[in-house]
Amino acid sequence: MPESVKLFEPLTIRGCTLPNRIVVSPLCQYSAVDGFAQPWHFSHLSAFARGKAGLVFTEATAVEDRGRITRGCLGIWNDAQADALRPTIEFIESMGCVAGMQLAHAGRKASTRVPFVEKGGSPLTEEDAARGETPWQAVAPSPLPVTDGWPLPRELDTDDLAEIKAAFVAATLRAFAIGIKVIELHMAHGYLLHSFLSPLGNQRSDEYGGDIEDRMRFPLEVAAAVRAAMPDEAPLFARISAVDGREDGWTLEDSAVLCERMSSLGVDVVDCSSGGIGGAPRFRNDDSGQPLTSDSARGPGFQVPYAQRMRETTDIMSMAVGVIIDPQQAESILQSGAADLVALGRELMYEPFWPLHAAEALGVDPDYKMWPKQYGWAVDRRAQIKRMNE
Ligand SMILES: Cc1cc2nc3c(=O)[nH]c(=O)nc-3n(C[C@H](O)[C@H](O)[C@H](O)COP(=O)(O)O)c2cc1C
């Protein structure tokens, strides 16, 4: 393999070695039943292991029942749910990939319709009960709706917070019991932990709200408790919304403060996403203060500058995500030092063999040696065509 290709350089974090720098971003499938993984989840996640992504994250996996975004979301609030995921995790590991789990609580964005139905993504109402989707009470730092027309969440008291923290810890223990090697805490996209961080979601007057120190208190308590429950050799990631993109929202400066604090309590990697706190972002997701246009919003690598900023200004490793499509683009992000890892979502759903194609394109695997042995006939044929065209 050409020595200079970073995308396929293994990365050791604590005692865990990722075989390459390609990460499957968490991808909700809205296809679970009562939080239980179904054959779809096995099929979906094992495809990425066949494609040889270095680290395969599960979708946002709820630590408690009321913390699901929809009734179709995965859960790990009991042992039987964890057991249902075990064959998937074992398969991922058997392919030489590393299995990770994103632990999540939807907070005030819970109790919504799965995307596949009419008005998908909007809050459940009593009308949905008839088809088995009864709404439930969402919870949040403060009784503020996500946006106009959404129901008011119930404000969490300190007993509730202790219960949720314990649910994150219990979920972590279950995850390791089924062979998960990496945990990612979902602190982004307006879900519970993000809504504590952002002044747009948190208007509490107790020690969990107020200035940034107080708003960070609960997410940091959760991170510390999860870290303490994990084996020392296992990496802990946190996905953040590096900016809210809204007036008076969470900023890149705030993210740098959070990352310093997370790093000192044992979070190893920050996964830099953005937005989602509620309503449409109004500003470009950088410090320019420029208004957001559809062109500036989501171009290739649009969130890479956040990963770069966190990596340059804090001690934490960073992962870039968002419209990373092309192998050369992914390689340049790593070569530039902007990030230690790249996560792909939609492009990997479109082409789960992306890592193997990237290995070919970057000259790392010209002879298709990385492909699963069962597919040897397929790649022999490709090699033959290649030779004929030379
Ligand atoms: C269908 C779908 C489901 C997603 N589910 C999650 C999720 O469970 N957790 C999360 O943090 N982000 C989730 N995301 C965001 C992706 O992980 C990723 O950050 C985003 O799609 C940008 O990366 P991409 O351009 O490579 O798709 C989801 C995105 C899509 C399209």
Side-chain angles (χ1 to χ4, degrees), residues 7 21-32 35 37 40-41 44-45 47-48 51 53-63 67-76 85 100-107 109-110 112-117 120-121 171 175 182-195 197 219 236-243 245 269-277 281 285 297-307 318-327 329-330 333 339 341-352 354-355 358:
L7 196 57
R21 311 290 180 107
I22 303 162
V23 178
V24 181
S25 205
L27 291 162
C28 286
Q29 298 296 293
Y30 311 102
S31 300
W40 175 261
H41 296 90
H44 163 72
L45 292 168
F48 304 126
L55 170 59
V56 182
F57 273 116
T58 64
E59 68 188 65
T61 306
V63 299
R68 282 179 292 171
I69 307 166
T70 72
R71 289 204 179 276
C73 290
L74 270 188
I76 188 159
L85 272 169
M101 177 173 284
Q102 188 185 54
L103 292 181
H105 192 300
K109 291 176 96 173
T112 62
R113 298 189 175 106
V114 296
F116 319 123
V117 300
V182 179
I183 295 288
E184 175 168 277
L185 292 173
H186 200 339
M187 294 193 182
H189 303 166
Y191 298 114
L192 185 70
L193 298 178
H194 179 193
S195 66
L197 295 171
L236 178 58
F237 287 40
R239 168 165 280 195
I240 62 167
S241 280
V243 291
V269 179
V270 62
D271 170 5
C272 292
S273 189
S274 63
I277 194 66
N285 287 335
R298 286 173 193 276
F302 74 105
Q303 294 173 143
V304 172
Y306 313 144
S318 76
M319 178 154 87
V321 65
V323 200
I324 299 171
I325 300 169
D326 179 64
Q329 176 201 8
I333 292 168
L341 292 159
V342 287
L344 281 73
R346 289 163 293 180
E347 194 61 16
L348 271 170
M349 283 197 287
Y350 175 70
E351 177 46 287
W354 190 95

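Order of appearance sets the numbers: ligands from 1, and atoms from 1 within every ligand.
- Looking at L7 and P355, their side chains never come closer than 4.5 Å, going by heavy atoms from C-beta outward.
- Between E59 and ligand 1, no N or O atom pair is found at a separation short of 3.5 Å.
- Heavy atoms of V321 found under 4.0 angstrom from ligand 1 belong exclusively to the side chain.
- Here is the list of ligand 1 atoms found below 4.0 Å of a heavy atom in G322: 22 (C), 23 (O), 25 (O).
- Proximity of a side-chain donor or acceptor of S25 to a complementary backbone N or O of G345 within less than 3.5 Å is not detected.
- For the side-chain contact (heavy atoms from CB on, under 4.5 Å) with M319, the lone residue among V342, D271, L55, V270 that qualifies is D271.
- Ring geometry for H44 versus W40: interplanar angle under 30°, hence parallel rather than tilted (30 to 60°).
- Of the protein's non-hydrogen atoms, S25 OG, 3.6 Å is the one closest to atom 18 (C) of ligand 1.
- The shortest N or O to N or O distance between A343 and ligand 1 is not under 3.5 Å.
- Summarising the geometry of T70 relative to R113, their closest heavy-atom pair is CG2-O, 3.7 Å, with the distance given to 0.1 Å.
- The minimum heavy-atom distance between K109 and H189, with the atom names listed, is NZ-O, 2.8 Å.
- From the protein, the heavy atom lying nearest to atom 26 (O) of ligand 1 is G345 N, 2.8 Å.
- Using modelled atom types, one side-chain atom of Q303 and one backbone atom of S274 make a donor-acceptor pair closer than 3.5 Å.
- The residue E347 has no part lying near ligand 1, judged by heavy-atom distances below 4.0 Å.
- Ligand 1 is approached by Q102 to a heavy-atom distance shorter than 4.0 Å.
- Contact record, Y191 with H186: CD1-NE2, 3.5 Å, taken as the closest heavy-atom pair.
- In this structure, A188 falls outside the shell of residues with a heavy atom less than 4.0 angstrom from ligand 1.
- Side chain of E184 to backbone of F237: no donor-acceptor contact under 3.5 angstrom is found.
- Closest to atom 19 (O) of ligand 1 among all protein heavy atoms lies R239 NH1, 3.0 Å.
- Those atoms of ligand 1 that come under 4.0 Å of a heavy atom in H186, given as number and element, are 9 (N), 10 (C), 11 (O).
- Numbered from 1 in the order shown, with element, the atoms of ligand 1 that lie under 4.0 Å from a heavy atom of R346 read 21 (O), 24 (P), 25 (O), 26 (O), 27 (O), 31 (C).
- Nearest heavy atom pair, residue M349 against residue F48, reads N-CE2, 4.2 Å.
- Backbone and side-chain nitrogen or oxygen atoms of A60 are examined, and one is located within less than 3.5 angstrom of a nitrogen or oxygen of ligand 1.
- Atoms of ligand 1 lying under 4.0 Å from at least one heavy atom of P26, given by number and element, are 4 (C), 5 (N), 6 (C), 7 (C), 8 (O), 9 (N), 10 (C), 12 (N), 13 (C), 14 (N), 16 (C), 17 (O), 28 (C).
- Ranking the protein heavy atoms by distance from atom 2 (C) of ligand 1 puts L27 CD2, 3.8 Å first.
- Here Q29 has no heavy atoms under 4.0 Å from ligand 1, in either its backbone or its side chain.
- When all heavy atoms of T58 and P26 are compared, the closest pair comes out as O-CB, 3.4 Å.
- For atom 3 (C) of ligand 1, the closest non-hydrogen atom on the protein side is C28 N, 3.2 Å.
- Every atom of ligand 1 is numbered from 1 in the order shown, and the set under 4.0 Å from a heavy atom of L344 is 26 (O).
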